[in-house]
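Below, each value reflects all heavy atoms present in this structure, side chains not excepted, and no hydrogens, waters or symmetry copies.
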Amino acid sequence: MKVLAEIKQSVIAGKAEEVREFCRRALESGTAPMTVINDGLIEGMTVVGQRFKANEIYVPEVLLSSRAMNFGLEVIKPHLGSGAQESAIKIVMGTVKDDIHDIGKNMVNMMMEGAGIEVIDLGVDVSAEKFVEAVEKHQPVALGMSALLTTTMPNFQEVIDGLEKAGLRDKVKVLIGGAPVTQAYADEIGADGYGADAVTAVQIVKQYAAKRAS
C-alpha cells in the first residue's frame with residue numbers, strides 16, 4: 001500500500017509532519033491502526049536502526065526519526081482498542097544507583113519503542129529495590145540496566161542478587177549495557193545479555209520474547 005510506504009520513508013527521513021499526515025490518510029482510507037504501526041512506523045524505525053548500527057547515520061538522525069514516529073503514534077493511539085494499546089513485549093529500563101547518565105539509556109528506549117516494545121523507564125539513580133519492585137509489578141520480558149561509571153557497575157550485581165532474594169530471577173531476563181560494560185563482565189555477574197548498542201539490545205529483547213512465547 002502506497003501510503004504505508006510513504007509513512008515508512010517519512011519516518012526514515014525524520015519528517016514528523018509528513019508522518020502525521022500520512023498516518024491520518026491511512027486511517028481515513030480504512031487501514032487498520034495496527035497495520036499502520038507495524039507496516040509503516042515500525043518498518044521505518046527498523047531501517048533507521050539498521051543504518052545506525054552500520055554507522056550510516058548518527059544520533060541526531062535517529063532522534064528526528066523517533067520524533068517523527070511519535071507524531072504518527074499520536075494520531076493512531078485514539079483509534080486503538082484499549083487492549084491493543086499495550087505491547088505484548090515489555091521491558092523495564094533504568095540507570096543504576098549513583099549513576100545519573102541517561103543518553104545511552106534513552107537511545108535504547110527510543111529504539112525499543114520504535115520496534116513496538118513497551119518501555120517502563122525508571123529513570124536514573126535507580127536503587128536495587130526499585131528495580132525489583134518494577135519487575136514484580138510489570139512482569140516484563142526483560143530488565144535493562146545501564147551504567148556509565150565503572151564505580152557504579154557493581155550495582156548490577158546488587159540488582160541481580162535482589163531478584164534472586166525476591167524469587168524473581170528466573171522470571172525475567174537481565175540485559176546490561178553502557179560504555180564500560182563488556183560481554184565478559186555480563187557473564188561474570190550472571191546477566192543474561194549484553195547490549196553493545198541500541199539495535200543489538202532490541203534484537204536481544206525480541207529473542208527473549210520469542211522464547212517466552214514458544
Side-chain angles (χ1 to χ4, degrees), residues 1-93 102-122 138-142 144 175 195 197-214:
M1 190 179 296
K2 183 181 178 182
V3 71
L4 295 177
E6 289 172 328
I7 292 169
K8 174 182 175 179
Q9 292 305 318
S10 295
V11 168
I12 294 169
K15 297 181 178 180
E17 292 296 342
E18 286 188 8
V19 172
R20 177 154 54 193
E21 176 61 20
F22 287 136
C23 285
R24 184 185 63 77
R25 292 182 190 177
L27 293 174
E28 288 181 349
S29 70
T31 306
M34 287 305 301
T35 299
V36 180
I37 292 174
N38 292 325
D39 298 346
L41 299 176
I42 291 179
E43 281 285 320
M45 282 304 295
T46 297
V47 174
V48 170
Q50 292 168 345
R51 290 183 179 178
F52 178 70
K53 187 172 184 179
N55 293 319
E56 296 174 4
I57 60 174
Y58 301 97
V59 172
E61 290 91 339
V62 176
L63 292 173
L64 285 174
S65 292
S66 178
R67 176 174 177 267
M69 178 195 69
N70 285 326
F71 268 50
L73 287 174
E74 288 175 2
V75 174
I76 297 166
K77 281 182 178 178
H79 298 269
L80 291 169
S82 57
Q85 294 190 44
E86 294 188 10
S87 170
I89 307 176
K90 293 182 183 180
I91 182 171
V92 168
M93 290 286 295
D102 66 356
I103 294 176
K105 172 181 66 64
N106 292 344
M107 175 67 69
V108 173
N109 287 352
M110 286 187 295
M111 295 304 294
M112 292 283 181
E113 291 172 345
I117 298 169
E118 180 182 351
V119 177
I120 296 98
D121 186 7
L122 304 182
H138 298 287
Q139 300 180 1
V141 167
L175 178 66
D197 54 65
V199 177
T200 301
V202 171
Q203 292 171 341
I204 291 171
V205 171
K206 285 198 166 185
Q207 289 169 4
Y208 292 159
K211 287 180 181 178
R212 176 184 280 193
S214 63

Ignoring hydrogens, what is the shortest heavy-atom contact between F22 and I7? Give both atom names and the distance.
CB-CG1, 3.5 Å
Between CD1 on residue I76 and CD1 on residue I37, distance to nearest 0.5 Å:
5.0 Å
Separation of T35 OG1 from L27 CG (nearest 0.5 Å):
10.0 Å
Atom NZ in K105, atom CD1 in I103: separation rounded to 0.5 Å?
10.5 Å
Within a strict 4.5 Å, meaning less than it, do heavy atoms of the E6 and Q9 side chains meet?
no
For a 4.5 angstrom cut-off between non-hydrogen side-chain atoms, does V108 reach I91?
no
Applying salt bridge (Lys or Arg N to Asp or Glu O under 4.0 Å), can you list everything that pairs with E113, at least two apart in sequence or on another chain?
none
One thing to verify: whether E28 and R25 come together as a salt bridge, which I'm taking to mean a side-chain N less than 4.0 angstrom from a carboxylate O.
no
Inter-residue atom distance L41.CG - K8.NZ, 0.5 Å rounding
12.0 Å
Supply the atom-to-atom distance M111 CE to F52 CZ, rounded to the nearest 0.5 angstrom.
7.5 Å
Atom pair CD1 (I120) and CE (M93), whose distance is rounded to the nearest 0.5 Å:
11.0 Å
Scan the side chains in residues 197-211 for donor-acceptor partners under 3.5 Å anywhere in the protein, sequence neighbours excluded, and list what turns up.
unit_1: D197; atom_1: OD1; unit_2: V199; atom_2: N; d: 3.1
unit_1: D197; atom_1: OD1; unit_2: T200; atom_2: N; d: 2.8
unit_1: D197; atom_1: OD1; unit_2: T200; atom_2: OG1; d: 3.0
unit_1: D197; atom_1: OD2; unit_2: T200; atom_2: OG1; d: 3.2
unit_1: T200; atom_1: OG1; unit_2: K53; atom_2: NZ; d: 3.4
unit_1: Y208; atom_1: OH; unit_2: D192; atom_2: O; d: 3.3
unit_1: Y208; atom_1: OH; unit_2: G193; atom_2: N; d: 3.4

Contacts under 3.5 angstrom, residues 56-74 side chains, donor-acceptor by atom type, not counting sequence neighbours:
unit_1: Y58; atom_1: OH; unit_2: N55; atom_2: O; d: 3.3
unit_1: E61; atom_1: OE1; unit_2: Y58; atom_2: N; d: 3.1
unit_1: S65; atom_1: OG; unit_2: V11; atom_2: O; d: 2.8
unit_1: S65; atom_1: OG; unit_2: I12; atom_2: O; d: 3.3
unit_1: S65; atom_1: OG; unit_2: E61; atom_2: O; d: 3.3
unit_1: N70; atom_1: ND2; unit_2: S66; atom_2: O; d: 3.2

